[in-house]
2 protein chains.
Amino acid sequence: MKSDLLAATQATAPPSSRRALIAGFATELFHRKGYAATSMRELASVSGIEAPSLYNHFSSKETLLHEICFGMADAFVSTARRIAAMDLPVEDRLARAIEEHLRLLFSDREAVGVFVNEWRHLSEPSLQTFKSLRSDYEQFFAGLFQEGMHKGVFRQGDPLWLGRQLLLLMNGSVHSTARPDSEALADLGRRFYSLWMHGVASPTTQPD
Amino acid sequence: MKSDLLAATQATAPPSSRRALIAGFATELFHRKGYAATSMRELASVSGIEAPSLYNHFSSKETLLHEICFGMADAFVSTARRIAAMDLPVEDRLARAIEEHLRLLFSDREAVGVFVNEWRHLSEPSLQTFKSLRSDYEQFFAGLFQEGMHKGVFRQGDPLWLGRQLLLLMNGSVHSTARPDSEALADLGRRFYSLWMHGVASPTTQPD
DNA sequence: CGCGAACGAACGATCGTTCGTATGTTTGGG
DNA sequence: CCCAAACATACGAACGATCGTTCGTTCGCG
């Protein structure tokens, strides 16, 4: 009845599927307000829809979170696998890993925010799977550091600790860095690489 | 009635006030499950109390969050002020700032977790005040970097960006580092300082 | 004609919070 | 020194709001 107009104008309008649009709105809300503080009715409202209609596209609220978190996680680990298979010096693979991580990070900052901060609201068994993927990715960076230490390119240290710290640093940089174009992004990657490799001390300063 | 026994055993028992105990439980819950996902009934349950009784100690749920967040924030900025007033070379003040920040960080990891992740659930005007305190603290670190650059101790760069990155790194390290005793903590401080000053590259490696 | 997608109504659960009340403790005046 | 009034703190009941979700239905499109 009263929905005739909406159905006529909206149900056919979006060339990009409504499902994908809703996922995008959910990403924005989960990022800005947090998963627990976002209601399905609010998501429905910004989607231009009523709450029950959401369930024609997603079977539950958690399904939305699941798709966002695992979408990012899969992207990260597949990138890691690609780089690990490259025939490059270890420090170049590190530089490449930083650059690609940053590229993914800034390709969808909101999804990354959800990926980083809201994954804990997943329930089992997804939660275990997610943690496992995360661990794989950390191990990839740890492996780079370990190899570099072995070859004398890096100082000795705890490779897993270093890997986690580097990821922490890059992930957090999403909040404190303006959206870069592709050139600025490559530059940001070099900044990170340089900071990580040589620190902030002036080159004339003697290491301890 | 049925509360005779409880009142006799508990109301007089705690030398540490029940109010402080509740704040501690709230810190643990807000840290582990998030502010929005923690209910007053659950907090009451772990406090050994019924939900309405919480309101004899705190006037609202947000009051709890407020006390936790501003308790940490005040500790951080007062420490910063103390260090800024010291008559030390800038790189030593940086080392000291790192050490003191880590000390505070590990003095109450759960409160820090809330401070870092849950502050956005504060409502105005507390939210503005909180952000302002946070900004002061970031500016303190930025000032150290700026001064160091000016004196030629540090490489050139964006001081505010560097300050935020360093804070990010240390705050995140709470999750990925085992609880250190006071000796291990000083050591962790040196690790951070060294990583930040000289990076991971082997000393024989040439900077770009 | 059937199917995907929208709707309004409504479910039971849980949310933060308020209220009136009971009870133990503290305290001050006779 | 004792008793009563005031206070602090606990309780059960319950409020209105909102939560995620289900249901039966409608309706346009292929």
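Each chain gets a letter, A, B and so on, in the order its sequence line appears, and its residues count up from 1.
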Rounded to the nearest angstrom, tell me the gap between atom [atom1] in [X] and atom [atom2] in [N].
X     : N      : atom1 : atom2 : result
B:E50 : D:dT9  : CD    : C1'   : 13 Å
B:Y55 : C:dG20 : OH    : P     : 17 Å
B:L54 : C:dT18 : CG    : C1'   : 14 Å
B:L43 : C:dT17 : CG    : P     : 12 Å

Flag for B:N171-B:H101: side-chain donor and acceptor within less than 3.5 Å: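 Their side chains do contain a donor-acceptor pair, which is all the 3.5 Å distance test asks for.
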Report, one line per pair, each donor and acceptor closer than 3.5 Å where one atom sits in a side chain of residues 76-91 of chain B; sequence neighbours left out.
from: B:S78; atom 1: OG; to: B:D74; atom 2: O; distance (Å): 3.2
from: B:S78; atom 1: OG; to: B:A75; atom 2: O; distance (Å): 3.2
from: B:T79; atom 1: OG1; to: B:A75; atom 2: O; distance (Å): 2.9

Set of residues satisfying side-chain hydrogen bond (donor to acceptor under 3.5 Å, both in side chains) with respect to [X], sequence neighbours excluded:
X      : result
A:R32  : A:E28
B:W196 : none
B:H121 : B:E118
A:E138 : A:R164

Neighbours of DNA chain D within residues 56-69 of chain A, by heavy-atom distance under 4.0 Å: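 Heavy-atom contacts with DNA chain D come from A:S60, A:K61.
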Acceptor/donor pairs from residues 64-71 of chain B side chains to any protein atom, 3.5 angstrom cut, sequence neighbours excluded:
from: B:H66; atom 1: ND1; to: B:S126; atom 2: OG; distance (Å): 3.2
from: B:E67; atom 1: OE1; to: B:R19; atom 2: NH2; distance (Å): 3.2
from: B:E67; atom 1: OE2; to: B:R19; atom 2: NH2; distance (Å): 2.2

Phosphate-side-chain proximity, A:R18 and C:dA6, N/O vs OP1/OP2 below 4.0 Å: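 Yes.
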A:S53 side-chain N/O to C:dC7 phosphate OP1/OP2 under 4.0 Å: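 For C:dC7, OP1 or OP2 has a side-chain N or O of A:S53 closer than 4.0 Å.
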Results of salt bridge (charged side-chain N to carboxylate O under 4.0 Å, His left out) for A:E62 - residues two or more places apart only: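 For A:E62 there are no salt bridge (charged side-chain N to carboxylate O under 4.0 Å, His left out) partners, ignoring immediate neighbours.
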Strand-adjacent residues in residues 27-41 of chain B, judged by heavy atoms under 4.0 Å from DNA chain C: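 Within residues 27-41 of chain B, the residues near DNA chain C are B:T38, B:S39, B:M40, B:R41.
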